[in-house]
Amino acid sequence: SVSDREITRSSGILDKMDAGDGLMADKGFLIADLCHERGIELNLPPYIIGGGQLSAEELVHTRRIASLRIHVEQAIERVKKFRILNFLVADFFDIADHIYKVCAVLADHDKDLVE
């Protein structure tokens, strides 16, 4: 199987980001060095090894990431409502990314995620 790290590297997503941009990922996503060398801020939720407790700073950081993650999940759900993505046949796989982008733009113009 392909690792998260290799998918991130081969997808080219980091090449589309600028220094100072932020990238949100799940814990265990081992791409900190890839982000650091490009000046990209990697936002991972803190995690505890051995059953300890989060520090006050880690707790604030976790809550901040969680509040942003809600908006990301809502944006993903908006794109999923375009059911065309469920019915792509092999003939259209080569343009699937273009179809997805159109759905994302349409979803983005639906209404504000954050009021």
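From a predicted model like this one, the values you see are computed outputs, not experimental measurements. Note that these values count all heavy atoms, side chains included, but never hydrogens, waters or copies made by symmetry.
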Q: Got a second to check how far Ser3's OG is from Arg9's CZ, nearest 0.5 Å?
A: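 Ser3 atom OG to Arg9 atom CZ measures 7.5 Å (nearest 0.5 Å).
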Q: Has the side chain of Glu58 got a donor or acceptor atom that lies under 3.5 Å from a matching backbone atom of Ser55?
A: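 Here the side-chain-to-backbone pair exists.
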Q: Can you get from Ile70 to Leu59 by hopping between Ile, Leu, Val, Met, Phe, Trp and Tyr side chains that sit under 4.5 Å apart?
A: no
Q: Quick check: is Leu23 connected to Ile65 through a chain of hydrophobic side chains (ILVMFWY, heavy atoms under 4.5 Å apart)?
A: no
Q: Could you go through Leu42 and Phe29, starting from their C-alpha distance and side-chain angles, then the distance that decides it, and tell me whether this counts as side-chain contact (heavy atoms from CB on, under 4.5 Å)?
A: CA-CA 10 Å; Leu42 179 60; Phe29 229 77; 5.9 Å; no
Q: For Ala104 and Val79, work out which heavy atoms get closest and say how close.
A: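 In terms of heavy atoms, the two residues are closest at CA-CG2, 3.8 Å.
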Q: Quick check for you: to the nearest 0.5 Å, what is the distance between Leu106 atom CG and Lys101 atom NZ?
A: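 If we round to the nearest 0.5 Å, Leu106:CG and Lys101:NZ are 14.5 Å apart.
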Q: Locate the shortest heavy-atom distance separating His61 from Leu44; write the atom from each residue and the value.
A: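 Here His61 and Leu44 meet closest at NE2-O, 3.5 Å.
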Q: Applying a strict under-4.5 Å side-chain criterion to I, L, V, M, F, W and Y, I'd like to know whether Tyr100 and Val102 cluster together.
A: yes
Q: Name the atoms and distances for all side-chain donor-acceptor pairs under 3.5 Å in residues 30-41, with sequence neighbours left out.
A:
unit_1: Asp33; atom_1: OD1; unit_2: Arg5; atom_2: NH1; d: 2.7
unit_1: Asp33; atom_1: OD2; unit_2: Arg5; atom_2: NH2; d: 2.8
unit_1: Arg38; atom_1: NH1; unit_2: Leu34; atom_2: O; d: 3.1

Q: Pairs in or reaching into residues 60-70: which pass salt bridge (Lys or Arg N to Asp or Glu O under 4.0 Å), with residues at least two apart or in two chains?
A: Asp26-Arg69
Q: Just verifying a value: how many Å separate Glu73 CD and Arg78 CZ, rounded to the nearest 0.5 Å?
A: 13.5 Å
